[in-house]
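First comes the structure, then the notes that go with it.
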Protein chains: 2
Amino acid sequence: MTVHIIVDEARYTDIMEPVKVRAPSIRDVARIAGVSYQTVSRALNDSENIKSSTKERVLEVVEQLGYRPNQAARALVTSRSRTIGVLTSQVAHYGPSTSLQAIEEAAREAGYLITTTSLATSDYYAITDRLEHLMSQAIEGLVVIAPQVRVFDAIRELDIRIPLVTLDSTGRNDNSSLSVDQISGARLATRHLIDLGHRDIIHLAGPQDWIEAEARMRGFLDEVIEADLNVRAPILGDWTVDFGYHVGRELTRFRDFTAVFAANDQMALGLIHAFRDAGLDVPRDISVVGFDDIPEAAHYWPPLTTVRQDFVEIGRRSIALLLGELGGERNRHHDQISPELIVRDSTAFRR
Amino acid sequence: MTVHIIVDEARYTDIMEPVKVRAPSIRDVARIAGVSYQTVSRALNDSENIKSSTKERVLEVVEQLGYRPNQAARALVTSRSRTIGVLTSQVAHYGPSTSLQAIEEAAREAGYLITTTSLATSDYYAITDRLEHLMSQAIEGLVVIAPQVRVFDAIRELDIRIPLVTLDSTGRNDNSSLSVDQISGARLATRHLIDLGHRDIIHLAGPQDWIEAEARMRGFLDEVIEADLNVRAPILGDWTVDFGYHVGRELTRFRDFTAVFAANDQMALGLIHAFRDAGLDVPRDISVVGFDDIPEAAHYWPPLTTVRQDFVEIGRRSIALLLGELGGERNRHHDQISPELIVRDSTAFRR
DNA sequence: ACGACATATGTGACCGTACACATCATTGTC
DNA sequence: GACAATGATGTGTACGGTCACATATGTCGT
């Protein structure tokens, strides 16, 4: 019995191995349908001049053979890959990953595929390496989410000539860009604290080399200076909740402040945790504002006052911009999305 | 002056327009380097039989021309796309997006690119549509993260013959799979509550059509039945924090339970929020356990008892499995990753 | 000095598709 | 009923690489 099975398997491989299991090509379809390969092509790309009965017959054969057009061949001859590259940092964060998903959906609807590559570190070599990696795939357009400062240098250096959309709030680049107005978002948050009577406000910023972090910091500083408060140097964080917690522990040793504006919700959560550990109540003793309005923010304790960004909209608009450029749109667009202050319970009047 | 510039520009376009700005091909490189295109190919694919001086010269020209091999052409002739497809649901969640990032990194190191497509809904048509979409790109392998039940049906139906790795804890499929042992993870959580003296435990599950949700539910039921407690039908959730909150509000109307095991950390957070709103203290009045151990879980109030999954490891191992199959590994592997119970402050002895 | 052999380089064919153009079939017009 | 106009289909070629094989060059022992 066992022997039989083994023999069977052996015979199987003997027979199967030499048979080229090549996928059916357009010519196979043509032959079976009794037409020329060009006619098959017409049937597939719903061209004008084809009799509907022919088209039907061809599509039947296509179905029957499980024929799939070879994209590589198509890309080769049309020099269109129908692929958009996305360079993103830290996809594991809520914002970028939400935008990424929206981008993928919008791109798919337009018939594009997304190739993603992410940036764990921010060193220049890694950035160029990822960009090269994407470019080698003949992507037709590039979206950069959550960009770091050096990304722009790398793009310039590599002389990337394809349509490019970035989330750039600085406006200092000549590609199309979509900016959530981080500066005004940060100003809203800061102004809110000032309006509540706070005079000693600390800013827990994101990493210096992130464009968004930089913009939020600038918004904070602008507002603080305008209100003529004394300016404290922001603390540079790394976006993580753990970092927020550690900073919070340090800060409680001094208590020379009554409010903190964190550059994202995660760090705000860490801060609140540390303050509570030290016996400080938020918002009674210290007010905390976050940034992003991730879905959990409303359910933190206390529910977090924060600045909402519409990440889905960001993703959609990025692709809309990119498709515009791919469609031959000449001039660069600078779309703006406005963030919104969401007041919850982590902020209160200064006592 | 102005006129001059305009004239110059006009001439520029006149001259430039007809010139095909085609990217340099391997033959261009060959011509300039004074060798045959085959030699260029050898230089690029570091083949054995090439004089190092020739190779050097060729690579210099490659650099100078900014030549990039056309992947479409290469894919066409080798029928290798060097691309791995990833089908993922709800990338915006921490787990999947973390795994995705790890997958991308691991794949990149092995010289593969990742093409992602995500599944917002779970309807069958959407699934086959996405799979078709991926298959049309001639991906060499497929990874399915956070799979839904119907994904397997779709894969079978579409007769997908490429190497496939799924996160499947059921073991009922014949592809290679990687299973975080969700069942034992859920049992750990449930056992922990039972050990604390809880007798009336509610399970807030994930959506029924998710494999992971199903497995966690089974683990919960197994443990409850084994301990001979009366079995309550789990509540089916949707993974979101808002849903957790609403369920929590409903539950407080009855209070015929002392503990809840939520199928993920977000829903656990929502529950806790609702309980607090109703004047119930966690863990004094009600114990809550989550699942995943997202980075924020340790900083929730109270810090959340939960079951840790190593999402990065999941991503890495998936690719390792897939690369194994791509490398000609014959037999299917079923790798297992064990989750771990992390006890924090959201659970306490039943009073 | 010669063949034997290894090393280095060149040539032809092919992968599967789309485009331009050629050809054949059909229809309407006077 | 001849002819142009239009519709439907077929043929040749190019896209940019890799592979298999052919050829040129160099190295060695006898």
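Letters A, B, ... mirror the listed sequences (proteins, then strands); counts begin at 1.
Among the nucleotides C:dT17, C:dG10, D:dT18, the one closest to any side-chain atom of A:Asn70 is C:dT17. In the set D:dG16, C:dA20, C:dT9, the nucleotide with an atom closest to the side chain of B:Ile50 is C:dT9. Nearest to the side-chain atoms of A:Arg27 among the listed nucleotides D:dT13, C:dG10, D:dG16 stands D:dT13. With D:dG10, C:dG10, D:dT18 as the candidates, the nucleotide lying closest to the side chain of B:Ser41 is D:dT18.
Within the 4.0 angstrom heavy-atom criterion, base atoms lie near B:Asn49.
For B:Arg42 against C:dG10, a side-chain N or O and a base N or O form a donor-acceptor pair under 3.5 Å. A donor and an acceptor atom never sit less than 3.5 Å apart when one is taken from the side chain of B:Arg74 and the other from the base of D:dG16.
A:Thr54 has a side-chain polar atom (N or O) that falls below the 4.0 Å cut-off from OP1 or OP2 of D:dT9.
When the P atom of D:dC19 is taken as reference, atom OH of B:Tyr37 falls 13 Å away, rounded to whole Å. One interatomic measurement links the two molecules: CD of A:Gln38 to P of D:dG7, which rounds to 17 Å at whole-angstrom precision.
Using a 4.0 Å cut-off between charged side-chain N and carboxylate O, A:Asp153 and A:Arg156 make a salt bridge.
With rounding to the nearest 0.5 Å, the separation of OH in A:Tyr112 from CZ in A:Arg82 is 4.5 Å.
At its two ends the helix from C:dA1-D:dT30 to C:dC30-D:dG1 runs along axes set 40° apart, each axis drawn from five pairs and the angle rounded to 10°.
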